[in-house]
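In what follows, residues are counted from 1 in the order of the sequence shown.
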Amino acid sequence: MLWYLVLLSCLGAISGSPLRDDLQKDELTGRVIGGHEAQPHSWKWQVSLQIAYSDYPGYYSHICGGTLISSKWVMTAAHCLSTPPGATYRVALGEHNLLEVDGTEYYLGVDKIFIHDGWNPNDIANGYDIALLRLDSPAYDNGYVELGILPPEGDILPSDHPCYITGWGVVNVDGSSAITLQEVVLPVVDHEICSQNDWWGSQAKASMICAGGDGVRSGCSGDSGGPLNCYRDNRWEVHGIVSFGLVPYCNTYKKPTVFTRVSAYVDWIYSTALNNGGL
């Protein structure tokens, strides 16, 4: 059965990130489900999308991940925004531990939400699970915040290319969520394999990217909207947005985490931003 990976529950210019020193020698293994705590502030474009319901003004709760792609814009999954009317969103930047304020994080409100016209909340496997959040004030580089780099339009990674999923989602099948940012390596599964009947079949579209499926490592509830970070050409690029998987058994064999493939939407991302206040 198909479920959303959603909680079931300027001071200086911001630049993209080079190769992290600690990952140059990193073995491509891990134990997010099957993962481990990320080095604090090593994924500086990762944001926590948080919501305050009208009944609890001033109190915000993490619901999804996201990627800072410019000082004004955050990229996330459309299904993260299927919430009751009256909800107020913000993003946390420079975050690591959701329950502690250590001075590295800051919070910006969401001025406007742009969801792809093709998105159908009743059919997540149809694709188009992408949204942009326009921030109410510019993000800035405080030493813990950088921009995520988008891949070239139409770019396809080869099967087994190692990428990192990062997030604050569920870490066990019992539903325990992470307090600190988690990371795990998920190898890319190419579309020809992922669309086979004993994998995701017709639910895996060409506009998606699959990664994982080894029965051990996966994204899960609460990781939705967050990035699939892939190192290539001497830089990290964000190739995916966490979209769906099997919940609560997120790390089911041959059911890899499915991501919106960012390279399929590069034109939409840039045109939406440029037509609504610029990048």
**Passing option when Ser48 is tested against Arg90, His62, Glu105, Glu95 for side chain to side chain donor-acceptor pair (under 3.5 Å)** = His62
**Non-hydrogen atoms of Glu37 and His96 that approach each other most closely** = OE2-NE2, 2.7 Å
**Request:** Give a yes or no on whether Asn275 atom CG has more than 12 heavy-atom contacts from other residues, nucleotides or ligands under 6.0 Å away.
**Result:** yes
**Prompt:** Looking only at heavy atoms, which two atoms of Val238 and Pro227 are closest? And how far apart?
**Reply:** CG1-CB, 3.6 Å
**Asked** CG of Leu133 to OH of Tyr89: how many Å apart, nearest 0.5 Å?
**Response** 9.0 Å
**Request:** Verify, without hydrogens or angle tests, whether Ser218 (side chain) and Cys250 (backbone) share a donor-acceptor contact under 3.5 angstrom.
**Result:** yes
**Prompt:** How long is the gap from CD on Gln50 to CH2 on Trp168, to the nearest 0.5 Å?
**Reply:** 8.0 Å
**Request:** Examine Leu108 and Tyr60 and state if one hydrophobic cluster contains both, with Ile, Leu, Val, Met, Phe, Trp and Tyr joined whenever side-chain heavy atoms are less than 4.5 Å apart.
**Result:** no
**Complete:** One should read off an interatomic distance between Lys112 NZ and Leu135 CG, to the nearest 0.5 angstrom, of 14.5 Å
**Asked** Should Asp155 and Ser263 be marked as a side-chain hydrogen bond (donor to acceptor under 3.5 Å, both in side chains) after you check the CA-CA gap, both sets of side-chain angles, and the distance that decides it?
**Response** CA-CA 6 Å; Asp155 191 69; Ser263 66; 5.8 Å; no
**Message:** Check Asp214 with Lys254, please: is the shortest side-chain N to carboxylate O separation under 4.0 Å?
**Reply:** no
**Message:** We want to know whether Glu183 and Thr166 form a side-chain donor-acceptor pair, criterion being a heavy-atom distance below 3.5 angstrom.
**Reply:** no
**Message:** Tell me whether Ser176 contacts the main-chain N or O of Asn172 through its side chain, where contact means a donor paired with an acceptor under 3.5 Å.
**Reply:** no
**Message:** Could you see if Phe244 belongs to whatever hydrophobic cluster contains Ile193? Use Ile, Leu, Val, Met, Phe, Trp, Tyr and a side-chain cutoff under 4.5 Å.
**Reply:** no
**Request:** Flag yes if more than 12 heavy atoms outside Gln196 fall under 6.0 Å of its CD atom; otherwise flag no.
**Result:** yes
**Asked** Any side-chain heavy atom of Ile130 sitting closer than 4.5 Å to one from Ile115?
**Response** no
**Asked** Where is the tightest heavy-atom contact between Cys210 and Pro256, given as atom of each residue plus distance?
**Response** CB-CG, 3.8 Å
**4.5 Å side-chain heavy-atom contact, Val258 and Gln203** = no
**Request:** Before giving the answer on side-chain hydrogen bond (donor to acceptor under 3.5 Å, both in side chains), spell out for Trp45 and Asn229 the whole-Å C-alpha distance, their side-chain angles and the decisive distance to 0.1 Å.
**Result:** CA-CA 10 Å; Trp45 48 90; Asn229 308 288; 2.7 Å; yes
**Pair Tyr140 and Tyr106, ring centroids less than 6.0 Å apart** = yes
**Asked** Do the side chains of Val101 and Ile179 join up, straight or via other hydrophobic residues, at under 4.5 Å, putting them in one cluster?
**Response** no
**Item:** Least distance between heavy atoms, Asp129 atom then Thr260 atom
**Value:** O-OG1, 2.8 Å
**Asked** Taking side chain as C-beta onward, heavy atoms only, is Val170 less than 4.5 Å from Pro248?
**Response** no
**Complete:** NE2 of His239 to CD1 of Ile156, rounded to nearest 0.5 Å, is 9.5 Å
**Asked** For Asp198, does the CG atom sit with more than 12 other heavy atoms under 6.0 Å from it, leaving out its own atoms?
**Response** yes
**Asked** Between the main-chain N or O of Gly201 and the side-chain N or O of Ser195, is there a donor-acceptor pair closer than 3.5 Å?
**Response** no
**Approximate separation, where rounding is to 0.5 Å, of Asn251 CG and Arg217 CZ** = 11.0 Å
**Request:** Would you please name every residue forming a salt bridge (charged side-chain N to carboxylate O under 4.0 Å, His left out) with Asp102, sequence neighbours left out?
**Result:** none
**Request:** Would you kindly confirm whether Ile113 and Tyr107 end up in one hydrophobic cluster when ILVMFWY residues are joined by side chain heavy atoms under 4.5 Å apart?
**Result:** no
**Prompt:** Given Cys194, which of Val188, Val189, Ile209 fulfils the side-chain contact (heavy atoms from CB on, under 4.5 Å) condition?
**Reply:** Val189
**Message:** Aromatic contact between Trp43 and Tyr144, with the criterion being ring centroids under 6.0 Å apart: yes or no?
**Reply:** no
**Request:** Look only at the side chain of Thr272 and the backbone of Ile269, and say whether a donor-acceptor pair between them is shorter than 3.5 Å.
**Result:** no
**Minimum heavy-atom distance between Leu49 and Cys80, given as atom pair plus value** = CD2-CB, 4.1 Å
**Expected output: side-chain Glu237 to main-chain Arg235 donor-acceptor under 3.5 Å** = no
**Message:** With a sphere of 6.0 Å drawn around OH of Tyr253, does it hold more than 12 non-hydrogen atoms of other residues, nucleotides or ligands?
**Reply:** no
**Prompt:** Should Val266 and Val74 be counted in the same cluster of Ile, Leu, Val, Met, Phe, Trp and Tyr side chains packed under 4.5 Å apart?
**Reply:** yes
**Exceeds 12 heavy-atom contacts within 6.0 angstrom, atom OH of Tyr249** = no
**Item:** Contact summary for Leu186 and Thr257, nearest pair of heavy atoms
**Value:** CD1-OG1, 4.1 Å
**Prompt:** Side chains of Gln46 and Leu181: closer than 4.5 Å at any heavy-atom pair?
**Reply:** yes
**Asked** Does the ring of Trp200 carry Lys255 above it, NZ/CZ under 6.0 angstrom from centre and within 45° of its axis?
**Response** yes
**Message:** For a 4.5 angstrom cut-off between non-hydrogen side-chain atoms, does Leu147 reach Ile69?
**Reply:** no
**Message:** Can you classify the ring geometry of Tyr128 versus Tyr265 as parallel (below 30°), tilted (30 to 60°) or perpendicular (above 60°)?
**Reply:** perpendicular
**Fill in**
Between the CD1 atom in Ile33 and the CG atom in Asp223, the distance rounded to the nearest 0.5 Å is 8.5 Å
**Request:** Using the six-membered ring wherever Trp is involved, compare the ring planes of Trp236 and Tyr164 and label them parallel, tilted or perpendicular (cut-offs 30° and 60°).
**Result:** perpendicular
**Message:** Between Asp141 and Glu146 (side chain of the first, backbone of the second, donor and acceptor by atom type, cut-off under 3.5 Å), is there such a pair?
**Reply:** no
**Prompt:** Would you say Val110 and Asp136 make side-chain contact, with heavy atoms under 4.5 Å?
**Reply:** no
**Student check: side-chain heavy atoms of Ile241 and Val262 closer than 4.5 Å** = yes
**Message:** Is there a side-chain contact between His161 and Cys230 in this structure, where contact means two heavy atoms from C-beta onward sitting under 4.5 Å apart?
**Reply:** yes
**Request:** Look only at the side chain of Trp73 and the backbone of Gly278, and say whether a donor-acceptor pair between them is shorter than 3.5 Å.
**Result:** yes
